[in-house]
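Note sheet for the following structure.
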Amino acid sequence: MLTFLYNLKSQLINCEEIQKELDRNTEHPEIRCLVVDIRQLEQESDPNVIAKKLTNKIFNSIGHRIPVVQDASCLERELLNLKFELGFEKLEIALYGKSANEAIHQLCQNLTDSIQMCLFTGGQTSEQLTNEVKAWLRRINLEYN
């Protein structure tokens, strides 16, 4: 039973631990990457509701005051302000979910080039997700330089 629980726990995604790992071992100091668990948003289809809930998750994850947003353009503005406030050249957001959602995909594609979101889906482990996010950041860094 203990082995089963250990195996089950090792398969669960812990976005806080992934965030700590990325913050500790950054290969790209000009890029700040935030990892956000969006599994609770996958049933939402209204892009404005997704933008509001995603704002709450992003700003809460870094301990910032949560701004009021009404839609995706407000989210984009607040993320740009956050990027400038944090002092990074680029702000990237890795979204983790179990399955794809068209409304979330559209939100990811509608942001500016200076803030990119990438949706990582599936049942990978925290280590696998960390490696996938690091590979994505390397690709961004190559495109950026």
* Asked: Is Gln116 reaching over with its side chain to a backbone N or O of Leu91, donor-acceptor style, under 3.5 angstrom?
  -> no
* To do: Just do the side chain to side chain donor-acceptor pair (under 3.5 Å) check on Glu132 and Gln128 with the steps written out, would you?
  => CA-CA 6 Å; Glu132 288 180 28; Gln128 290 168 322; over 6 Å; no
* Tell me, do Ile38 and Tyr96 make a side-chain contact under 4.5 Å, heavy atoms counted? -> no
* From Cys15 atom SG to Leu34 atom CG, the distance as rounded to the nearest 0.5 Å -> 11.0 Å
* Side-chain touch Glu102/Leu107, heavy atoms, less than 4.5 angstrom -> no
* Give the intermediate values and the outcome of side chain to side chain contact (heavy atoms under 4.5 Å, CB included) for residues Ile140 and Glu92. => CA-CA 9 Å; Ile140 288 171; Glu92 312 301 337; 3.7 Å; yes
* Under a 4.0 Å N-O cut-off, is there an ion pair linking Glu21 with Lys134? -> yes
* Heavy atoms, side chains only, cut-off 4.5 Å: are Leu82 and Ile62 in contact? -> yes
* Asked: Would you say Leu80 and Leu86 are hydrophobically clustered, going by side-chain heavy atoms of ILVMFWY under 4.5 Å?
  -> yes
* **Non-hydrogen side-chain atoms of Gln70 and Val68 separated by less than 4.5 Å** => yes
* Asked: What are the two closest non-hydrogen atoms of Ile50 and Ala103, and how far apart are they?
  -> CD1-CB, 3.5 Å
* Does a side-chain heavy-atom distance below 4.5 Å link Cys118 with Leu95? -> no
* When you look at Leu137 and Val133, which way does the side chain to side chain contact (heavy atoms under 4.5 Å, CB included) test go after all the steps? -> CA-CA 6 Å; Leu137 292 173; Val133 171; 4.2 Å; yes
* Would you name the heavy atoms of Ile93 and Trp136 that are closest together and state the gap between them? => O-CH2, 3.7 Å
* Is there a donor in the side chain of Gln40 and an acceptor in the side chain of Lys53, or the other way round, less than 3.5 Å apart? -> no
* Of Thr55, Asn56, Leu54, which meets side-chain contact (heavy atoms from CB on, under 4.5 Å) against Ile58? -> Leu54
* To do: For the pair Glu17 and Lys20, find out whether any cationic side-chain nitrogen is under 4.0 Å from an anionic carboxylate oxygen.
  => yes
* Structure fact -> Rounded to the nearest 0.5 angstrom, the CD1-CZ distance for Ile115 and Phe88 is 13.0 Å
* With side chains defined as the heavy atoms from C-beta onward, is the minimum distance between Asn101 and Leu41 less than 4.5 Å? -> no
* How long is the gap from NZ on Lys57 to CG on Asp37, to the nearest 0.5 Å? -> 5.5 Å
* To do: Could you tell me whether the side chain of Gln19 and the main chain of Val35 form a donor-acceptor pair under 3.5 Å?
  => yes
* Asked: Would you say Val69 and Asn48 make side-chain contact, with heavy atoms under 4.5 Å?
  -> no
* Which atom names give the shortest non-hydrogen contact between Cys33 and Leu22, and what distance separates them? -> SG-CD1, 4.2 Å
* Stepwise, does the side chain to side chain donor-acceptor pair (under 3.5 Å) test hold for Glu85 with Asn81? -> CA-CA 6 Å; Glu85 181 181 321; Asn81 287 336; over 6 Å; no
* Determine whether more than 12 heavy atoms belonging to other residues, nucleotides or ligands lie under 6.0 Å from atom CD of Gln106. => yes
* Check the pair Ile18 / Glu127 against side chain to side chain contact (heavy atoms under 4.5 Å, CB included), numbers first and verdict last. => CA-CA 8 Å; Ile18 294 169; Glu127 183 179 345; over 6 Å; no
* Lys83 vs Lys90 side-chain heavy atoms within contact, under 4.5 Å -> no
* Met117 and Leu79: CA distance, side-chain angles, deciding distance, side chain to side chain contact (heavy atoms under 4.5 Å, CB included) verdict -> CA-CA 11 Å; Met117 286 189 188; Leu79 290 174; 3.8 Å; yes
* How many angstroms lie between atom CD1 of Ile66 and atom NZ of Lys52, to the nearest 0.5 angstrom? -> 14.0 Å
